Amino acid sequence: MSQTPLSAQKVLSVAEVKPPVHTTNQQPLTPRIITQSPGIHSNNSMPTINAIDGYDPYFQEYSLMAEYNQVQNQKIPGVYVMPSALSPFVWNGFIFVREGLYQEGVFRFTMTIPDTYPDSDCPQLLFDFPIFHPIIHPVTGDLDVKRGFPKWRRNVNHLWQILMYVRRIFYKIDTANPWNKEAANLYEQDMDLFKKKVAETVRVSQENVKKKPSSDDPYALNISPLDDETYQEARKQMLHLGRSASEESNRPSGLSWMHPGSSQIFSREDAASA
Amino acid sequence: MSWFKRSRASNGSAEPSPTKERSDTDPDTCLEVFRNHWQQASVIINRKNHGKDGVTSDEVETVIHNFGQMITLLVREEGVEGMPGPILHFFLEKDILELFCSWCAKSNEYAVKLKHEQLRMFEMLISQSKQLLLIHKSVIRPLLKLLSSCTEGNLQSSETYDIEHQLVLVLHQACVCISQQLLILESFFCTNTDHGPTRFLIFSLLIPYVHREGPVGQHARDALLLIMTLSAKHPHIGQYIATNSDFCPVLAAGLSGLYSSLPRKIPNPSDHWYILTNEDCNKIPELQMFLNSLEFCNAVVQIAHSMVKEQLTKYIYDGFLLPVLGPALHQDITGLPIPLLDTTMFANSRDEVTTATAYLDLFLRRLTEPALIRVFLVFILTDKYDEIVILESLITRINSSSRLSLVSLALFKTLVELHCEDVMFQLVFKFLIPCTHVMVSQRRAVKDLDMYSKSAERFLSLKPSCCMPDTDISHHTSLASSQSLNDGRNGNSTNHKTDVRSISEELKSQETSYMDYLVDARGKLVKNAEDCRCWSAPYNGENPTPDSLLDSTNQIKDRIVSNHSQFTNNSHSVADTSNETLNSTATNGERKPYPQVKLFAQEIDNMLPKLDSFKYNSGDSLYSQGKSCDINKNDSHSLQDGDLTLNSEHCNISCTNKNASLSELYCSLKSNDCFVNFLNIIDDSDYHDSMEQTLETIDFMYSSFGMSANRGAAELGESLAISEESEISKSKPVEDLIASASVSGQSLPVSNERPYEKITTSTFNPGNTSTPTGTRLKDVSSYVEITISGDNKPTTSTTSKILPDTTQRNLSPVADVTLSQMNRSNDDMSFSLAQSPGGTLLTTSRYSSGTPNIGPFLSALFSKLEGMMQNTLYTNLLLTGILSQLAAYPQPLLRSFLLNHNLVFQPTVKSLVQVLSSVRHKVDTYSYAVGNFSQLLVKAKKNLYNREDVLLINKSDRSFSNPTPTAPSPTSSKLIETTSIPDTFIKEKRRMTLTDLLFRKSSPKSGRPASLSSGSGGKGTQLQRVPLRGGVGYRYINSKHEESPDSPEGSIKTWNAVYCAIVLEEFLKELAALAQEHAVLHLDENCNS
């Protein structure tokens, strides 16, 4: 159980040192891994099951797992997220800004999903320090998520969309109804100063990243310099991605004598085995 | 692989330890001793070679003794730098072996003894010699001579065994040698002789022993496997074995022979026996022998040359499966309808067929080699016996009420667990691929994943209320009081009140962990998905394409298919083409007789009790009413006039066989629940009257419908004209037609034979409708809205208008259309009645008819599931076990069919949720009627936990003749009461998933305890076997207590219901867990939603 988040972290650090492979490096975080790890089953407060209501935590957590799977599949560039070990409703993440005004910024954030998910308000997103940005709160570091998701609707809105949104705010800056009026004003009137302030924010973010995360969450994301062992390990894992599953378990025992596309049973002599 | 291990072990053990003893001794001394012995022996050998008088026994002893000494010396000699040592050199030079053997061969009096000694010495030579002997001509020649002399059958039976044993040992040793030193092979595999048995003598000699029991057979088979391994590397050997030896036919014929000596019935099986376990096999030596041979075949197929493999599987198929197992699986009951099959008249054949089915199941479980499994599956899936595909016979038997059902289910469980595409295609996917079971608008939803666990929620919501501790309290207190009013005899009502709290707590403590189910589901899904990676298609509703199966059905279809491309392209010429297809269907249909008319009244009678029971359902359907209303709106919107009319045309046209699908009207209603709701909403006081009215209406419609049918083609032409007038939406109806054409074509013979003796137990309870008025109105509107939408009439929401309205519609030109719809719905209802296991009717006809078809297998399972309340615990465990196995398959078509509660099916297709909710209602209704149901529930659960423990502790105690003490039968629960288990123990056990244990590690047999069948030493409780129509029933009689014989508390029926409630509860959890895991495991399939 504890091994999976570790490997996920390793992969994460690999990813950042070697940006060119960033599209594939999220794959080790397959649904298989994540559904075991992030405290989703590890809740000690198991629901007492005597009616259908008792199952709500299960439904919720499985919905969150499904959401997480979607996030995995979206492979949002530069955005990494990991559910907390303490609560499935808290996801820790990083965003690496790769171009634009906030280029080279590395922002740590925490996404908090309402308890009533999926029939809830939209999730909250909090940066670990108040990034200088028109729609990020200058004191708390809260992101104005609501502006992107005025009404949160299940089946329509998904958590990966929030992450997409987070990424977008650093490329397309919206100054309407700003939470940080100063930033908005500067952006519109004094671009040079705005850029200066942003550069400062980026510098702070890079400093921040080097610090250990403040939370006591075992799955909190952490960035450390790459050492060769970790790299080789992760590399091996990636190279064996397809095969790993079958190696772990017993030999698959499925059978088929059907030619692809034939819709005819026993259309071939030799069995295709997995 | 055990074969190899075994052979190696025997090889190793043959090597004795005291080899060092003389190895230090001087080689020259050894040679001297050797020569001395030879000197003494040769005196006798040579003399007898000259003189003609017989040898004495002393002389024989002398020779044997000396020769034995020589062999010992020879065996211990080491070679010198790869060259023969001095003794061997001498031995070969003098051709000693040859001399000795030919001397032996001349003796008549001591022939047997000498042969035995020779073999013993050869065995020693081959197995223990430190030098390679079998490359020397002067060793091989006498050996081969000796071996061939052994085949000459001049031995007496008493002596045979010894000789044979020695012979096989020698052969085995030779084979071991060959496999270690390939050099030797060529000296035994003569290329100069003809292709007869002498060409590879040691092989030919082994064949007769292949089916022998005991060590002889074992050694022979080990030796043969060594040769098989060789054959894989040396094609010429493989070729020889396959084409010039009788190895393969002998093997196959041997299977047949051994099979025929198997017991035709399992001796004294317990009531719940359904599967042959290892322990069972050990108790039947004949079966063990058969399995030895079967496993040998399996091993041969695994390692031998491909030619041998091919030959062997072919011979097993032609020589064992078809001529032996085929008849055994059918006896004289081929094609017998289930009600007849279940009568005592066929009890004997039934038992034999049951046993044969259990054998087949066992064989399938034992095989591991794909090539061999393949022939077994080809046999089961495609071969016919007496014109009926074996698979169909097997499927039919699922709904037998005898043990045959259990055993058949067990076989299907084995089949389903093979994770074999061909099996699943034939059982399931063939019928799901066309996607006709799903509403057209929903077909794209097949791949959808249930992100918010809504299906799981739905399943869990079906939990019987008697299993829920909390609600139980209120229920029982109210029930207890009402009981004291109603039931004077039952004086326990006060006790009930006080017990309720503790029972409720106990139920809570017995709750199984949902977590376990999730973990279990995950494991299953991962394994299953992995196994299915070798499959040829994903079965996701797109690949194979829904129309990919159309070209293989029947001629009508062929005609349609020729035009099919036009349809799929949504071409404008649809009208023409559909006309043509309709005509073709029509002419086809007209040839059929129309026998049902007279029986219709009867069928309506049958409908009545069903309608009554639907009242219970109405509550449930209301639960989903909100949703289905929405859907209805959408659908009616898309269905407007066009679809509706065309489909009614379609109904009209295939009317003559009347088994075709329900109309689209009912599709849009999601199920005929709505029709029932419509009946429900009729005012309570009017209920009876309006019911009669309805019947009249239906009757009238029916007769006019019959007339229209008789009028034939002209009428059809007319209605076709109507269909052309209304703008028809294209592809869908045509698709339906295509499907229905094929299906109805196949099913007609069946439907004509369908017997109509249905039981009517229609007592009507007019004052029973409990639906609140508010929801009723809602129902009305939804019903009306949809009914009327075809005519574009304004919606009327008063109940009174509905009936006249419908009648009017019948008189209008569209009458035939509507009426056929009505007829269909009625027909469908009577079918579902026929299906309910309470009635003893055929169940085959329903699903084989009609357009949307989920195939006989799923239908049979569902119909068995509908009777869950009447099934025994074991049946239900098996049944739900199969279904959960099916639900663990990753293919979206199957997954969505079983688990997606949101998917809207065609009305003739029941969903798993529907079936389960009807079971839930039956259980709940029954539990209300039985006063102490929850007490029984607690007892039964304890019993199951206890049984689990027993199974875990004593795993070997699992055989058909050995009932375990914890049987799920009436007395056993009493037994549990006395041996109360500490609660902590139960709690510990709860880590295990209850059903997991039941399904996967269950003792199949744990029969009725002796006390039950034998009357239990004067306790007054007795189980009576009561011959019933179509089988045997049990009546539990407790003479001591005041309960009447069929008091619900003691009866089998009650216990079945109690266990049914438990299994249902666990099954629902299992399904919910599977649904949830599906959603998170395969999301990658449609991530871009």
Side-chain angles (χ1 to χ4, degrees), chain A residues 30-32 34-36 41 46-52 54-56 58-75 117-119 154-155 158 160 245-246 249-274, chain B residues 310 370-371 373-374 377-378 381-382 418-423 425-426 430 433 449-454 456-457 460-461 463 468-471 507-508 511 513-515 518-519 522 526-528 530-537 544 548-549 552 1072 1076-1077 1079-1084 1087-1089:
Chain A
T30 53
R32 227 165 42 76
I34 197 60
T35 45
Q36 287 168 1
H41 290 331
M46 240 345 139
T48 49
I49 309 158
N50 41 29
I52 185 84
Y55 289 94
D56 275 349
Y58 288 109
F59 299 151
Q60 245 181 354
E61 290 180 8
Y62 269 75
S63 303
L64 288 173
M65 285 193 230
E67 290 279 5
Y68 191 76
N69 282 336
Q70 287 190 332
V71 169
Q72 294 299 314
N73 288 315
Q74 287 298 323
K75 300 184 179 64
Y117 168 88
D119 299 309
R154 68 153 76 190
N155 276 321
H158 294 291
W160 63 266
S246 56
S249 67
N250 302 330
R251 195 179 65 90
S253 53
L255 291 166
S256 169
W257 290 278
M258 293 180 70
H259 257 304
S262 74
S263 292
Q264 199 70 48
I265 57 167
F266 303 119
S267 52
R268 50 193 273 184
E269 284 292 321
D270 57 318
S273 347
Chain B
E310 242 164 69
I373 293 175
R374 184 178 195 269
L377 293 182
V378 168
L381 299 183
T382 65
L418 281 177
H419 297 166
C420 169
E421 183 176 13
D422 308 63
V423 172
F425 184 86
Q426 203 73 352
K430 197 162 106 178
I433 286 171
L449 284 167
D450 177 23
M451 262 205 88
Y452 302 109
S453 301
K454 282 288 146 198
E457 202 178 317
L460 290 170
S461 75
K463 198 166 154 185
M468 287 187 279
D470 286 339
T471 56
L507 269 180
K508 210 181 272 180
E511 185 79 49
S513 153
Y514 187 60
M515 252 326 279
L518 288 170
V519 171
R522 162 167 301 255
V526 168
K527 169 88 177 95
N528 226 331
E530 213 160 86
D531 283 355
C532 293
R533 277 200 304 203
C534 64
W535 285 24
S536 71
S548 62
L549 288 180
S552 61
Q1076 286 199 288
E1077 286 292 347
V1080 295
L1081 280 176
H1082 295 284
L1083 206 84
D1084 47 335
C1087 51
N1088 298 322
S1089 58

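The structure presented is a predicted model; accordingly, all values stated were derived computationally and were not measured. Below, read A as the first sequence line, B as the second, and so on, with proteins coming before strands; counting in each chain starts at 1. Scope of the values below: all heavy atoms of this structure, side chains included, with no hydrogens, waters or symmetry mates.
Scanning both residues, B:C534 and A:S256, for their nearest heavy atoms gives O-CB, 3.7 Å.
In this structure, the separation between CG on A:L255 and CG on B:D531 is 8.5 Å, given to the nearest 0.5 Å. With values rounded to the nearest 0.5 angstrom, B:E421 atom CD is found 10.5 Å from A:I265 atom CD1. Remark: A:F266 CZ to B:D422 CG distance equals 4.5 Å, nearest 0.5 Å. Distance check, rounded to the nearest 0.5 Å: OG of A:S262 to CZ of B:F425 gives 7.5 Å. Atom-to-atom distance recorded for A:M65:CE and B:M451:CE is 11.5 Å, nearest 0.5 angstrom.
Using a 4.5 Å cut-off on side-chain heavy atoms (C-beta onward), A:Y62 and B:D450 make no contact. Within the 4.5 Å cutoff, the side chain of B:L377 has heavy atoms near those of the A:W257 side chain. When side chains are defined from C-beta on, B:Q1076 counts as touching A:F59, because their heavy atoms get closer than 4.5 Å.
Of the atoms belonging to A:E269, heavy atoms from both backbone and side chain fall under 4.5 Å from chain B.
Checking side-chain atoms of A:Y58 against main-chain N and O of B:S453 turns up no donor-acceptor pair under 3.5 Å.
Of the listed residues B:R374, B:Q426, B:K454, the one with more heavy-atom pairs under 4.5 angstrom with chain A than any other is B:R374.
Taking the six-membered ring where the residue is Trp, A:Y55 and B:Y514 present perpendicular rings, their angle passing 60° and hence far from 30°.
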